[in-house]
Amino acid sequence: MRVVLLILVTLLLAAGVAVLVARDTGSVLITLSGWNIQTSLVFFIVLLTALFIAVYLVLRMLSRMVAMPGVLRRWRGQRRQKLSDKYLVAGMLALIEGRPHDAEEYLLKGTRYAKSPLLNYLCAARAAQRQGRLKQRDLYLERAAAEQTTDRTAVGLVRSELQINERQVEMALATLTGLYEEYPANAQVRLQLLRAYMDLNAWQDALELLPAVEKAKLLSGEDIQAMKVAAYSGLLQRAGNTANMKRLDDAWRDIPRKLRRLPSLLRVYTLEKLKFGGAAECEPLLQQFLQDDWDKEIVGLYGQVNGRNAEQQLAFAEGLLPLHQDDAGLYLTLGRLALNNSLVDKSLKYLKRSLDLKPTPECCYVLARLYEKQGDYSSASGCYQKGLAQVTSLVRHESVRLQEQEEEARAITAGARQVLGTDTDY
């Protein structure tokens with residue numbers, strides 16, 4: 001539109017000049033240092049216009065020449081940026097598609113053009129680790145660290161993540177400890193450090209870090225509780241392995257009261273106490289739990305602890321029968337408790353009922369030992385054989401289950417590859 005208007009204006013001016021010239025050609029006289037120059041008005045106007053255009057073009061050319069270095073720099077910068085983006089995207093796609101060798105090549109080519117090749121080196125480190133080239137991985141991480149001089153968080157987090165994935169947990173812990181000292185408020189640093197503590201079974205350190213993670217709401221409440229349970233379970237097992245009952249009891253008392261009600265922790269504590277004998281202190285804890293809730297493993301443990309009053313312990317367990325008449329584990333517990341009270345006939349009845357409901361190697365063993373005490377070695381041998389058959393069946397079933405899981409995983413992987421349109425291993 002502007003070009004059309006300019007043409008129209010030019011035409012109008014030309015027409016006006018032509019009209020003026022047709023009426024009166026006129027003349028122009030110029031005196032300069034004694035020299036007189038006379039010419040027609042039309043020629044003078046044409047000459048002046050040409051001179052103006054020539055000066056304009058010369059000035060325009062000079063300005064272009066002055067600006068040329070800057071234009072070249074911008075063009076080179078845009079070209080470098082395009083190449084940098086091209087190789088970075090190609091490298092990332094190759095990494096996602098499971099082609100680490102190609103990814104490494106693309107990413108390294110991109111470092112020649114990137115203003116800051118930090119991301120290229122971090123991704124190249126991942127590609128190198130997938131190929132098992134750990135020395136090259138560390139080299140790329142060092143180059144990335146050289147690019148990130150002000151804030152080392154990103155490089156440190158990637159380094160620790162790769163180390164953890166490679167099961168170099170001690171090295172990851174050293175990396176994360178330094179990061180945490182420098183950036184204690186960084187959420188991702190806390191999470192990675194917590195993961196390293198859990199992987200290294202550093203339960204006490206994990207428990208000390210968990211409140212900060214919980215306060216910042218970096219994990220869900222379920223995840224926080226699961227980590228607490230895992231940490232306290234680890235501490236209980238560690239104390240139990242020291243063969244020091246006081247240390248085990250102290251570890252139990254250090255657990256918050258609310259968590260001590262959880263069946264998982266109660267099971268661990270009871271199992272560790274059983275290493276020291278009858279675990280009489282656990283009987284009221286198990287009883288209190290069973291009064292309010294039901295857990296098959298807790299029921300089983302209740303029959304293994306020797307309480308301070310065997311008669312009351314049996315009476316409590318028998319009181320659970322009306323609500324759980326078809327629970328084989330409860331009958332096994334009743335058989336054990338009846339035997340503790342020297343009630344052999346009642347024990348036999350309960351154990352046989354347990355076998356009728358669900359034969360288990362454990363029940364077969366207890367019943368076989370009872371027959372041995374009675375001198376009925378034939379029945380004891382039959383129970384041992386039945387228990388052995390149960391164990392064999394369980395082992396075979398577990399083997400089949402694992403094989404089915406492996407076949408299922410292979411099928412899922414094959415289906416995923418077909419959907420993605422690639423046969424690359426991930």
Side-chain angles (χ1 to χ4, degrees), residues 157 160-177 179-180 184 186-276 279 281-282 285-286 288-290 292-302 304-305 329 398 401-402 405 409:
L157 286 173
S160 63
E161 179 187 347
L162 294 177
Q163 289 170 339
I164 289 175
N165 292 340
E166 198 62 27
R167 307 308 302 168
Q168 297 173 321
V169 187
E170 292 83 358
M171 297 174 63
L173 183 60
T175 301
L176 289 166
T177 302
L179 278 179
Y180 187 65
N186 187 283
Q188 196 61 33
V189 171
R190 290 178 181 178
L191 289 176
Q192 287 277 47
L193 183 59
L194 181 60
R195 180 185 174 189
Y197 283 149
M198 297 297 289
D199 287 348
L200 281 173
N201 297 339
W203 310 121
Q204 194 59 50
D205 293 325
L207 289 171
E208 292 175 1
L209 185 59
L210 270 171
V213 174
E214 184 175 11
K215 184 178 180 181
K217 297 181 179 179
L218 303 178
L219 293 173
S220 65
E222 293 80 4
D223 290 337
I224 291 291
Q225 176 151 312
M227 287 188 174
K228 287 182 178 179
V229 170
Y232 282 122
S233 297
L235 288 175
L236 288 172
Q237 291 171 343
R238 182 176 297 169
N241 291 334
T242 62
N244 188 325
M245 186 180 295
K246 182 180 183 303
R247 183 174 295 181
L248 176 60
D249 291 334
D250 290 342
W252 174 252
R253 282 190 291 268
D254 288 339
I255 300 175
R257 186 181 298 273
K258 183 179 179 180
L259 294 180
R260 278 185 281 178
R261 287 283 302 158
L262 295 176
S264 55
L265 288 176
L266 185 56
R267 285 196 296 268
V268 174
Y269 177 57
T270 304
L271 287 171
E272 296 303 320
K273 288 288 286 187
L274 285 171
K275 294 178 180 179
F276 297 95
E281 301 87 348
C282 295
L285 299 176
L286 299 171
Q288 183 180 1
F289 178 88
L290 292 173
D292 304 325
D293 209 339
W294 183 259
D295 184 271
K296 291 182 178 296
E297 293 189 41
I298 296 296
V299 172
L301 288 173
Y302 190 71
Q304 297 180 48
V305 301
E398 181 67 14
R401 185 182 68 83
L402 291 175
Q405 285 183 349

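The analysis underlying the following values was restricted to heavy atoms, covering all of them including side chains, and did not include hydrogens, waters or symmetry mates. All figures in this text were calculated on a predicted structure; none of them were measured in a lab.
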Practice problem: Kindly indicate whether the side chain of Leu271, heavy atoms from C-beta on, has any atom under 4.5 Å from the side chain of Val268. | Solution: no
Quiz item: For the atom pair CG (Leu301) and CG (Leu274), what is the distance rounded to the nearest 0.5 Å?
Solution: 6.5 Å
Quiz prompt | CD1 on Ile255 to CG on Leu265, rounded to 0.5 Å | solution = 5.0 Å
Self-check item: Nearest heavy-atom neighbours spanning Gly240 and Glu272
Solution: CA-OE1, 3.3 Å
Quiz item: At what distance, to the nearest 0.5 angstrom, does SG of Cys282 lie from CD of Gln304?
Solution: 11.5 Å
Quiz item: Does a side-chain heavy-atom distance below 4.5 Å link Arg261 with Asp292?
Solution: yes
Quiz item: So with a 6.0 Å cut-off around CZ of Arg253, is the heavy-atom count from everything else above 12?
Solution: yes
Show which side-chain atoms of residues 221-237 pair as donor or acceptor with protein atoms under 3.5 Å away, not counting sequence neighbours.
unit_1 : atom_1 : unit_2 : atom_2 : d
Asp223 : OD2    : Ser220 : OG     : 3.1
Lys228 : NZ     : Glu214 : OE1    : 3.3
Ser233 : OG     : Val229 : O      : 2.7

Practice problem: Give the minimum heavy-atom separation between Leu266 and Thr270, together with the two atoms involved. | Solution: O-OG1, 2.8 Å
Quiz prompt | Rounded distance [0.5 Å steps], CZ in Arg238 versus CG in Leu248 | solution = 13.5 Å
Quiz prompt | Shortest non-hydrogen separation from Asp199 to Arg167 and the atoms involved | solution = OD2-NH1, 4.2 Å
Quiz item: In terms of side-chain geometry, is the basic nitrogen of Lys246 or Asp249 positioned less than 4.0 Å from the acidic oxygen of its partner?
Solution: no
Self-check item: All ring-ring contact (aromatic ring centres under 6.0 Å, His included) counterparts of Trp252, not counting sequence neighbours
Solution: Tyr269
Got a list of side-chain donor-acceptor pairs under 3.5 Å for residues 169-176, not counting sequence neighbours?
unit_1 : atom_1 : unit_2 : atom_2 : d
Thr175 : OG1    : Gln163 : OE1    : 3.2
Thr175 : OG1    : Met171 : O      : 3.1

Exercise. Measure the shortest side-chain to side-chain distance between Asn241 and Lys275 over non-hydrogen atoms and say whether it is less than 4.5 angstrom.
Key: yes
Quiz item: So which heavy atom on Ala216 is nearest to which on Arg190, and how close?
Solution: CB-NH1, 3.7 Å
Practice problem: Find out whether Asp293 and Ile298 are in side-chain contact, i.e. whether some heavy atom of one side chain is under 4.5 Å from a heavy atom of the other. | Solution: no
Exercise. Can you see which heavy atom on Leu179 is nearest to which on Leu157, and at what distance?
Key: CD1-N, 3.7 Å
Quiz prompt | Separation of Leu286 CG from Leu290 CG (nearest 0.5 Å) | solution = 6.5 Å
Self-check item: From Trp294 atom CH2 to Phe289 atom CZ, the distance as rounded to the nearest 0.5 Å
Solution: 10.5 Å
Self-check item: Nearest atoms (heavy-atom pairs only) where Val305 meets Ala279
Solution: CB-O, 3.8 Å
